[in-house]
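One-based numbering, in listed order, for ligands and for the atoms of each.
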Amino acid sequence: MPTSAHDLELPVIDPTVEMDRAARTERYRTFAGEGHWLVRTLIGFAVISYDDVVGILRDRRWHNAIAKLPEMMGITDPDITENRRPSIITTEGDEHTRLRRLVAQSFSPRAADRLRPAMRNVVTDLIDPVAPTGRADIVADICEPYPIPIICELLGAPKEHWRDFSRWAEAVLAIFNGTVNEELDRIKQAIAELNDYVVGLIEERRDDPRDDLLSSLIAAEEEGDRLSTGELVTMVSAVIVGGTDTTRNQLSCAVAVFADHPDQWALLAEQPELAPQAVEEVMRYMGAVRGVARFASEDIVYRDVLFPKNTFVFPSLAAANIDPSVTDGDPFTFDIRREPIKGRMQMTFGSGIHYCLGASLARAELQEALVLLAQRMPNLRVDGHVTWKPPTTAIFGADHLPVTFDPGH
Ligand code: HEM
């Protein structure tokens with residue numbers, strides 16, 4: 001008879017108490033060293049070994065718990081908990097496959113490559129004003145504004161709306177931040193505004209199709225099947241929300257890591273062909289998305305442990321990324337020359353059916369930005385106090401990252 005997970009003696013992790021991320025990471029390492037793959041959290045269990053994180057994310061009996069998170073955070077407002085349409089991230093099985101198939105082509109590596117010149121232009125425009133001064137706040141000057149014009153370009157939305165997009169994306173993601181009840185009005189307003197905006201844009205493109213994502217989503221068709229207007233709105237919102245705060249926070253994490261490793265920054269500037277590996281390594285070393293959430297859609301027996309229906313588990317992408325099996329040598333060493341081990345990809349884009357739809361786009365954005373930054377901000381050093389988002393934030397990164405560098409490049 002398998003033992004219920006609730007009856008196992010397991011180490012306990014309390015992320016609200018263990019605010020220090022480095023200390024928490026160190027604890028995961030200790031637990032893994034002691035042979036634990038599962039630890040207890042306040043509301044469920046965290047999975048901390050690479051094989052089990054992948055195993056659970058690829059096991060279709062586990063469903064995405066993202067739609068349940070607001071309730072778990074104590075939100076009772078029906079505007080947030082009930083009125084949501086099913087989206088690619090909250091659906092499973094055939095419904096998910098259908099949505100994913102309809103949009104897959106628009107997010108192919110080739111589609112992302114087409115945006116690389118636009119990415120370089122946006123980064124160059126952001127670096128130009130700070131390059132002569134030799135100082136910048138990487139977050140305010142580069143990371144925050146960077147992803148939005150790219151998403152606008154991808155969707156075919158006018159660039160001048162980037163401030164609104166930025167505000168909506170940040171507000172919608174605040175649902176998962178743990179401080180949500182203080183921010184409900186702002187979040188509800190952002191959801192309504194985003195909805196109205198996207199409906200308007202879809203109407204425009206139906207009459208006047210162009211060479212952009214929105215037009216191809218409108219036209220997307222598989223065996224006579226199409227996205228309805230409601231599904232289009234949800235999909236576009238998912239792209240705006242999924243594609244902005246993630247990329248900008250990941251970029252801030254990346255620059256902070258490189259600022260601690262000046263030799264690697266210089267190496268990337270000299271050898272821009274290392275960019276693809278550098279992005280994988282930096283996302284492994286410090287991922288902006290630390291974990292994902294799943295619940296048992298039925299009683300599940302996994303590794304001889306019974307997880308009763310509705311049990312929550314949190315596959316820890318961050319813990320998987322420092323699993324000793326993921327790297328040749330010490331996983332706590334940052335080295336952009338590292339060759340990834342086959343079958344042991346960094347996990348910050350997740351795994352299984354919900355694997356990040358925008359992974360090719362995000363990779364391209366980070367590769368382009370990091371190379372240009374490394375070349376135009378040589379000798380980068382932190383200069384001042386770096387402030388980080390609270391550890392309970394769903395998507396982690398820096399709030400302020402003041403740096404100096406050699407001017408005039
Ligand atoms: C560095 C940047 C990014 C990171 C770290 C990231 C991370 C993730 C992760 C971990 C998941 C899986 C969530 C889960 O399993 O519960 C995910 C899913 C998703 N991401 Fe990303 N993401 C990034 C950029 C993007 C971009 C640029 C877009 C769109 C333009 C995007 C759109 C999506 C969508 C739509 C899903 C849901 C896919 C599905 O459920 O089938 N992401 N992302």
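- Residues satisfying the side-chain contact (heavy atoms from CB on, under 4.5 Å) criterion with D399, sequence neighbours excluded, are T387, K389.
- Under the 6.0 Å distance and 45° angle rule, R294 does not count as a cation-pi partner of F307.
- Below 3.5 Å of separation, one finds an N or O of H354 facing an N or O of ligand 1.
- In terms of protein heavy atoms, atom 37 (C) of ligand 1 is closest to I89 CD1, 3.6 Å.
- The closest side-chain donor-acceptor pair between D52 and Y302 falls under 3.5 angstrom.
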Show your reasoning for whether side chain to side chain contact (heavy atoms under 4.5 Å, CB included) applies to W62 and V47.
CA-CA 13 Å; W62 293 100; V47 181; over 6 Å; no
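- Ligand 1 has a nitrogen or oxygen under 3.5 angstrom from a nitrogen or oxygen of I88.
- T348 O, 3.5 Å is the protein heavy atom nearest to atom 7 (C) of ligand 1.
- The atoms of ligand 1 that sit less than 4.0 Å from any heavy atom of H96 are 39 (C), 40 (O), 41 (O).
- In this model, no donor atom of one side chain and acceptor atom of the other lie less than 3.5 Å apart for T327 and R344.
- In this structure, K68 fails the cation-pi test against F312, since its NZ or CZ atom is not both closer than 6.0 Å to the six-membered ring centre and inside 45 degrees of the ring normal.
- For atom 15 (O) of ligand 1, the nearest non-hydrogen atom of the protein is R294 NH2, 2.6 Å.
- Closest protein heavy atom to atom 38 (C) of ligand 1: R100 NH1, 3.4 Å.
- Within the protein, the N, O or S atoms lying under 2.8 Å from atom 21 (Fe) of ligand 1 are C356 SG.
- The shortest contact between atom 30 (C) of ligand 1 and any protein heavy atom is with L361 CD2, 3.6 Å.
- The shortest separation from a heavy atom of T91 to ligand 1 is not under 4.0 Å, leaving the residue out of contact.
- Salt-bridge check for E231 with R98: passed, with a basic side-chain N closer than 4.0 Å to an acidic carboxylate O.
- Using a 4.0 Å cut-off to heavy atoms of V239, the atoms of ligand 1 that qualify are 30 (C).
- In summary, D59 and R61 engage in a salt bridge, as defined by a charged side-chain N under 4.0 Å from a carboxylate O.
- On a distance-only criterion, T247 and ligand 1 share no N/O pair closer than 3.5 Å.
- Taking atom 1 (C) of ligand 1 as the reference point, the nearest protein heavy-atom neighbour is Q250 CB, 3.6 Å.
- You'll find the side chain of M119 reaches within 4.5 Å of the side chain of I150, heavy atoms only.
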Test log, rule salt bridge (Lys or Arg N to Asp or Glu O under 4.0 Å), inputs D207 and R205:
CA-CA 5 Å; D207 298 337; R205 281 301 177 282; over 6 Å; no
Sequence neighbours excluded and cut-off under 3.5 Å, please list the side-chain donor-acceptor pairs for residues 233-246, or say none.
from : atom 1 : to   : atom 2 : distance (Å)
T234 : OG1    : R85  : NH1    : 3.2
T234 : OG1    : G230 : O      : 2.8
S237 : OG     : V233 : O      : 2.7
T244 : OG1    : I240 : O      : 2.8
D245 : OD1    : R248 : NH1    : 2.6
T246 : OG1    : G242 : O      : 2.6

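- Set against the non-hydrogen atoms of I353, the atoms of ligand 1 under 4.0 Å away are 41 (O).
- Using a 4.5 Å cut-off on side-chain heavy atoms (C-beta onward), D137 and L401 make contact.
- Near F107, meaning under 4.0 Å from one of its heavy atoms, ligand 1 places the atoms 30 (C).
- Listed by chain and residue number, L268, Q367, V371 satisfy the side-chain contact (heavy atoms from CB on, under 4.5 Å) test with A275 (two or more places apart in sequence, or in another chain).
- The ligand atoms of ligand 1 that sit less than 4.0 angstrom from a heavy atom of N64 are 14 (C), 16 (O).
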